[in-house]
Number of protein chains: 2
Amino acid sequence: MRTSVQDPAPNDDPLRLDRQLCFQFYAASNLIGRLYAPVLAKLNLTYSQYLVMLVLWEADGQSVGAIGKRLHLDTGTLTPLLKRMETLGHLVRQRDKEDERRLRVSLTASGKALRGKALGVPEIMTRGQNLEELEALRRTLADVIVTLSAARAHQ
Amino acid sequence: MRTSVQDPAPNDDPLRLDRQLCFQFYAASNLIGRLYAPVLAKLNLTYSQYLVMLVLWEADGQSVGAIGKRLHLDTGTLTPLLKRMETLGHLVRQRDKEDERRLRVSLTASGKALRGKALGVPEIMTRGQNLEELEALRRTLADVIVTLSAARAHQ
DNA sequence: TCAAATTAAATTGTACACGATATAAATAGC
DNA sequence: GCTATTTATATCGTGTACAATTTAATTTGA
């Protein structure tokens with residue numbers, strides 16, 4: 001048995017791309033984003049914007065920090081993202097009268113109405129898949145995220 | 001049993017953030033990138049650049065398209081990324097004499113030497129983890145990526 | 001053989017992500 | 001009450017991602 005000319009890296013090479021779990025998360029995440037994009041474009045949302053809408057549909061009027069905690073994003077990402085969504089008319093950003101540092105992000109009527117159109121998205125994206133397998137993977141990844149968040153916090 | 005004030009979304013709401021596998025890939029991928037960044041900074045590499053190096057350390061002198069196929073990235077991402085890496089001195093980009101459309105990407109001496117420093121990275125990043133569990137997840141994700149790539153191709 | 005089709009990479013424009021820093025409001029401690 | 005600290009968000013600069021378009025080289029086929 002010999003290694004091919006194309007790929008001379010031996011199986012036990014720790015730097016083999018195929019062995020990197022980090023790369024698989026990277027590739028899967030990018031591929032998922034590309035698959036969602038055309039579906040979400042019909043709702044006038046990007047993929048990141050869709051995630052923000054999921055957070056706000058669960059509880060309206062959250063602060064930037066609360067949304068960021070939920071999505072594991074900081075203000076460097078969220079502030080411009082939320083401004084674009086305000087321009088698009090999905091939400092409004094207004095300072096909290098109780099505490100002027102806080103910014104409350106609230107859905108507009110059209111932002112709330114968009115939820116009805118979004119209801120079909122999860123089914124469209126998982127059509128033809130084994131739902132038990134997806135659920136098992138979902139649970140595994142929930143643990144992974146807890147581990148990664150903890151590692152990040154201890155850094 | 002009642003739902004909390006914070007999260008009035010019922011458990012069977014298809015739009016609950018916690019139920020979205022897509023979000024878990026997104027969050028995990030972002031968190032992984034943040035954990036790798038400071039480690040790779042010591043090698044003067046970003047996370048994406050590290051992935052390119054993994055591809056080239058396996059087989060030097062590949063075309064932009066070949067690298068892109070491996071990483072599931074297109075030229076819109078790779079061209080500027082490779083130009084930055086050339087400026088940094090990790091690689092050189094030169095047209096193939098046989099076919100002037102192709103661009104061969106080749107490691108410099110310092111790019112090759114960097115591999116020695118990178119050898120410790122996988123161990124650093126998986127330290128304290130259950131390696132059997134990571135390996136099982138790696139296999140699951142390999143299947144996921146095949147499914148996602150096929151879905152992308154059929155689109 | 002030569003125009004049409006294909007292929008490979010670059011370019012353009014938009015939208016994230018992220019660390020680092022800045023700004024301003026609220027709170028703490030004395 | 002007043003300053004030091006903390007908290008919440010914004011800003012800045014760099015580096016991806018991606019679709020769509022463009023450019024240039026190669027291959028095809030009548």
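When reading the values below, keep in mind they use all heavy atoms of this one structure, side chains included, and skip hydrogens, waters and symmetry mates. In the text below, chain A, chain B and the rest are named by the order of the sequence lines, each starting its count at 1.
- Take the nearest nucleotide of DNA chain D for B:K97 and for B:L81: the residue whose nucleotide is more 5' is B:L81.
- Among the protein residues, A:D74 comes within range of the nucleic acid bases, having at least one heavy atom under 4.0 Å from a base atom.
- Judged by distance alone, the side chain of A:E100 and the main-chain N or O of A:K97 form no donor-acceptor pair under 3.5 Å.
- For the pair A:R104 CZ and D:dA8 P, the computed distance is 12 Å after rounding to whole Å.
- Taking atom CG of residue B:D96 and atom C1' of nucleotide C:dA9, one finds them 13 Å apart after rounding to whole Å.
- Place B:H72 and B:D99 on DNA chain D by their nearest nucleotides, and B:H72 ends up nearer the 5' end.
- Judged purely by atom type and a 3.5 angstrom limit, B:T126 uses its side chain to pair as donor or acceptor with the backbone of B:P122.
- Separating the CD atom of A:Q94 from the P atom of D:dA10 is a distance of 13 Å, rounded to the nearest angstrom.
- In this entry the distance linking CZ of B:R102 with P of D:dT27 reads 11 Å, nearest Å.
- Both A:R101 and B:P80 lie close to DNA chain C; mapped to their nearest nucleotides by heavy-atom distance, the more 5′-ward contact belongs to B:P80.
- Shown are B:T75, B:L73, B:L81, B:D74; of these, the side-chain contact (heavy atoms from CB on, under 4.5 Å) with B:V64 is made only by B:T75.
- Within residues 37-46 of chain B, no residue approaches DNA chain C, by heavy-atom distance under 4.0 Å.
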